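Quick notes on the structure that follows.
Note that the structure is a prediction, hence the values are computed from the model and not measured. Protein chains get the first letters and strands the later ones, always in sequence-line order, with residue 1 at the start of each.
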There are 4 protein chains.
Amino acid sequence: MDEFITQGFAATRLDDVAKRAGVAKGTIYLHFKDKEALFEELIRTAIVPLVNRLAAGPPPVGASVRDMIEGFARTFIHEVTTTQRGDIVRLIVAEGPRFPAVADFYYREVVSKGLAGMRAAIQLGIARGEIKNKDLAQFPQILIAPAMIAVIWQSLFARHAPLDANEMFRVHLDLIFGERRTA
Amino acid sequence: MDEFITQGFAATRLDDVAKRAGVAKGTIYLHFKDKEALFEELIRTAIVPLVNRLAAGPPPVGASVRDMIEGFARTFIHEVTTTQRGDIVRLIVAEGPRFPAVADFYYREVVSKGLAGMRAAIQLGIARGEIKNKDLAQFPQILIAPAMIAVIWQSLFARHAPLDANEMFRVHLDLIFGERRTA
Amino acid sequence: MDEFITQGFAATRLDDVAKRAGVAKGTIYLHFKDKEALFEELIRTAIVPLVNRLAAGPPPVGASVRDMIEGFARTFIHEVTTTQRGDIVRLIVAEGPRFPAVADFYYREVVSKGLAGMRAAIQLGIARGEIKNKDLAQFPQILIAPAMIAVIWQSLFARHAPLDANEMFRVHLDLIFGERRTA
Amino acid sequence: MDEFITQGFAATRLDDVAKRAGVAKGTIYLHFKDKEALFEELIRTAIVPLVNRLAAGPPPVGASVRDMIEGFARTFIHEVTTTQRGDIVRLIVAEGPRFPAVADFYYREVVSKGLAGMRAAIQLGIARGEIKNKDLAQFPQILIAPAMIAVIWQSLFARHAPLDANEMFRVHLDLIFGERRTA
DNA sequence: GATGAATGAGGCTTCATTCAT
DNA sequence: AATGAATGAAGCCTCATTCAT
C-alpha cells in the first residue's frame with residue numbers, strides 16, 4: 001500500500017512491493033492475479049478500517065448533534081493526519097477514474113454510508129432545532145467538505161502553508177450550528 | 001493535456017500525445033526536454049485560464065459580497081462541469097505529490113491567489129455585516145470546499161449519484177450569509 | 001504424456017503434469033531429475049508398447065507375406081488412429097532434434113527393429129516370388145512411408161481432408177505386390 | 001527462421017532472433033505484433049519458394065510422366081537436403097497442431113496444390129498406360145510419401161544411418177511405373 | 001525544423017526447481 | 001515419502017528517447 005500511495009498505480013514496481021513485503025516477486029502472484037488485482041484488493045482492505053470508524057458506535061446519550069459530529073470529525077481528522085488513511089483517499093481520487101471497481105467499492109462502502117450517516121445526523125439536528133437550515137439535509141457533502149479539503153491540503157500544500165484542520169472544522173461547524181457562545 | 005487527464009502521467013504514451021497533437025513523436029522533443037517537462041509545462045499552460053477567471057475583474061459596484069461570490073462560484077462551477085478544467089484539478093491532486101513543481105506552481109498561481117481573493121471578500125463581508133462569523137477569514141478554504149468536492153464528485157461518483165453543484169453551493173452560502181429571505 | 005503431446009516439451013507446465021497425474025509438483029522430483037528427464041523417460045515408457053506391437057509374434061504359418069504386412073499395418077493404423085500412439089510419433093519428430101537421447105532411443109528400439117522386420121518380410125516376399133522388385137529390400141522405409149504419412153496427416157490436415165489410411169495402405173501394397181485379383 | 005527451426009517456437013528467444021537479424025529487440029515489434037505473428041509470417045514467407053518450386057513450370061514436351069515426376073522429385077530432394085527447406089517442413093509438423101493458422105496456410109498453399117499436381121500427373125500416367133494401378137489417383141500422398149520420409153529421416157536419423165533419398169525415390173517409382181528395363 | 005524508425009532499459013509475468021513441514 | 005508455498009531467473013513486450021534523413 002505504501003508504494004502505491006507514494007508512487008501511484010502505474011509507477012509502482014512490483015519489485016519494490018515484494019521487497020517491502022519481504023517476499024519474492026513471484027509470491028505476489030500466488031495471492032493476486034496481476035498488478036491490478038493486487039491494487040484493487042489492497043485498496044479494499046485498506047478501506048475497511050475507514051468503514052469501521054464510520055460505524056464506530058452510537059453517539060453517547062444526551063450529547064448534542066454538534067458534539068456527535070465534532071467527535072466524529074475529530075476522530076476522522078486525527079486518523080487522516082496521523083495515519084496514512086488520508087493518502088488512501090487521495091489515491092482513490094487519483095486512480096478512481098481508471099479503476100471504476102475501486103471507485104464503485106469506495107462509493108458503496110464509504111461514501112454512501114458516510115453520507116447516509118451525516119444526513120441522519122443533520123435531520124436530527126434540524127428536528128432538535130440545533131440546525132436552522134433545512135436544505136442542508138439534501139447536501140450532507142457540505143458537512144464533510146472541509147475535512148476532505150484538509151486531507152488533500154495536507155498532501156499537496158502542507159509545506160507551503162500548514163492548515164489546522166480541527167480548527168477549520170470547528171469554524172465550519174459554527175456556520176452550521178451557529179457560533180458557540182463562549183461564556 | 002487530454003491524454004494526461006484521462007490516463008494520468010505514467011500511463012500516458014508520448015505516441016498518443018503526438019498523434020493527438022498531429023505531430024511526430026520526435027517533434028515533442030524539440031519543444032520539451034522530456035516527458036516530465038512536457039507534463040509540467042502543459043499543466044502550467046492549462047492553469048492560466050483558471051487564473052484569469054479568478055482575476056476576472058472586480059465585482060460590479062453596488063453588488064453584495066454574496067452576489068460576488070455566488071457569481072464567481074457560478075462561473076467556476078460552470079467552467080468545471082462543461083469544460084475539463086475540473087479534471088485538471090483532479091489531475092493535480094493525483095500527480096501533485098510526485099511533481100512538486102506542479103503542486104508549487106498550482107499553489108502559487110491558483111491556490112494562494114484564490115484564497116487571498118476569498119479572504120478579502122470575506123473580510124469585506126464581515127465589514128459590511130453580511131457575514132457574522134469573524135473566524136471565517138482565517139479559513140477561506142471553507143468557502144471553496146464544496147466547489148472542490150463537486151469537482152471530485154463529478155469524476156468519481158457522477159454515475160452513482162448526480163450532484164447539483166450550483167444548488168449545493170447555494171445552500172453552502174446560506175450557511176455563511178444566512179438564508180435568503182425569499183420574498 | 002498427454003500434456004507433452006498436446007503442448008510440446010517447452011510449452012508443457014509441470015503444474016499441469018502434476019495435476020493430471022494426481023500428485024503434487026514436488027513429487028515429480030522424487031522420481032525424475034528434471035523436466036527433461038521426465039520427458040525422456042515418459043517417451044521411453046510410451047514407446048515400449050509400440051515395440052511390443054512390432055514383436056507381436058511371428059506370422060501365422062501359411063500366410064502370404066502380403067497378409068503378414070497387411071495385418072501388421074492394419075494393427076499399426078488402428079493403434080495410431082484410435083489411441084494417441086500416433087501423436088507420440090509426431091512428438092518425436094517434433095522434439096527429436098533437441099532431444100538426441102529421444103531420437104537415439106526411438107531409432108534403436110523402434111526404427112531399426114521395425115526396418116529389420118520389414119526387410120526380412122520383403123526378402124521373404126522376394127524369395128517366394130510375391131514381390132518382384134528386388135531393390136525394395138534396400139529401402140524398407142518405402143513400405144512404412146504411407147503409414148507414417150497417414151499419422152502426420154491425421155494430426156495436421158484431418159480437418160481439411162480426411163484420409164482413409166487403411167485404403168491408402170491397401171493401394172500402396174497393390175503397388176508392391178501387384179493388384180489383387182478380385183474374383 | 002534459423003532460430004525457430006533449431007529451437008522450435010517456444011524455446012526460441014526473441015533476443016536471439018533480434019541478434020541474428022542484426023536489429024534490436026524492440027525493432028521486431030515494429031514489424032510483427034508478437035512472437036506468434038513473427039513465427040507465422042516467417043513460415044508463410046519461407047513457404048513461398050516451396051510453392052514456386054512446385055509451379056516450376058510445365059514438363060518438357062515429349063517427356064514421360066515418370067520423367068516429369070522424377071525430375072520434380074529430384075529437385076525437391078535436392079532442395080530439401082541442401083537447403084533448410086526440409087527443416088521447415090519438419091517445423092510445420094512439429095508446431096502445426098499448436099498453430100492452426102500455419103497448418104492451414106501450409107495445406108492451402110503447398111499440400112493441396114502439390115497433391116492436385118500429383119493427381120493430374122497420375123491421371124496422365126494412367127491415360128498413357130504408364131501407370132497400371134488406377135486407384136493411385138485417389139491417394140497421390142503415396143507418391144510423395146517417401147520424399148517426406150526422407151526429409152524427416154535426415155533430421156532425426158541421418159547420423160544413425162544415412163539414407164540415399166534419390167535412390168529410394170527411384171525404387172519407389174519403379175513400384176509405380178514398373179522397373180525400368182536397363183538396356 | 002520535422003520526422004519516425006530504431007533502440008534498449010525496464011517492468012510484468014511465468015514457471016522449473018527447492019525445501020520446510 | 002509427499003506436499004505445495006515460495007523463490008527468482010528468464011522471457012515477452014512496452015515505450016521514452018535518440019538521430020539519420
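Ring-plane geometry between A/Tyr107 and B/Trp153 is classed as perpendicular, the angle between the planes exceeding 60 degrees on a 0 to 90 degree scale with a lower cut at 30. Using a 30° and 60° split on the angle between ring planes, D/Phe39 and D/Phe4 fall in the perpendicular class, above 60°.
Counting to the nearest Å, the P atom of F/dA9 and the CG atom of D/Asp15 are 17 Å from each other. Atom CG of A/Asp16 is separated from atom C1' of E/dG10 by 12 Å (rounded to the nearest Å). Protein atom CZ of B/Phe9 is 10 Å distant from nucleotide atom C1' of F/dA16, rounded to whole Å. Distance, D/Lys19 NZ to E/dT7 P: 14 Å, rounded to whole Å. Rounded to an integer number of Å, the gap from B/Tyr29 OH to F/dA16 P is 7 Å. As a whole-Å value, the separation of A/Asp34 CG from F/dC12 C1' is 16 Å. Between A/Gln7 atom CD and E/dC12 atom C1' the separation is 17 Å, expressed in whole Å. Rounded to whole angstrom, the span from the CD atom of A/Glu36 across to the C1' atom of E/dT13 amounts to 14 Å.
Salt-bridge check for B/Arg159 with A/Asp104: passed, with a basic side-chain N closer than 4.0 Å to an acidic carboxylate O. Ionic pairing of A/Asp16 and A/Lys25 is not present here: no N-O contact between side-chain nitrogen and carboxylate oxygen is shorter than 4.0 angstrom. Salt-bridge formation is detected for the pair D/Glu95/D/Arg98: a Lys NZ or Arg NE/NH1/NH2 atom is positioned less than 4.0 Å from an Asp or Glu carboxylate oxygen.
Taking A/Arg108 as the reference, nothing meets the salt bridge (charged side-chain N to carboxylate O under 4.0 Å, His left out) condition, with sequence neighbours excluded.
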Which pairs, protein N/O on one side and nucleotides 3-7 of chain F N/O on the other, fall under 3.5 Å?
from	atom 1	to	atom 2	distance (Å)
F/dT3	OP2	C/Ala24	N	3.0
F/dT3	OP2	C/Thr27	OG1	2.4
F/dG4	N7	C/Gly26	N	3.2
F/dA6	N6	C/Lys25	NZ	3.4
F/dT7	OP2	A/Ala24	N	2.8
F/dT7	OP2	A/Thr27	OG1	2.3

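Comparing A/Leu14 and C/Lys35 along DNA chain E, the residue whose closest nucleotide (by nearest heavy atom) sits nearer the 5' end is A/Leu14.
Of all non-hydrogen atoms in D/Leu38 and D/Leu14, the two that sit nearest each other are CD2-CD2, 3.8 Å.
Stem list for DNA chain E (at least 3 consecutive Watson-Crick or G-U pairs, distances under 3.5 Å): E:2-21 with F:2-21.
A donor-acceptor pair is defined here as one N or O able to donate and one able to accept, closer than 3.5 Å; no such pair exists between the side chain of C/Thr27 and the backbone of C/Val23.
Using a 4.5 Å heavy-atom cutoff, the side chains of C/Tyr106 and C/Val89 are in contact.
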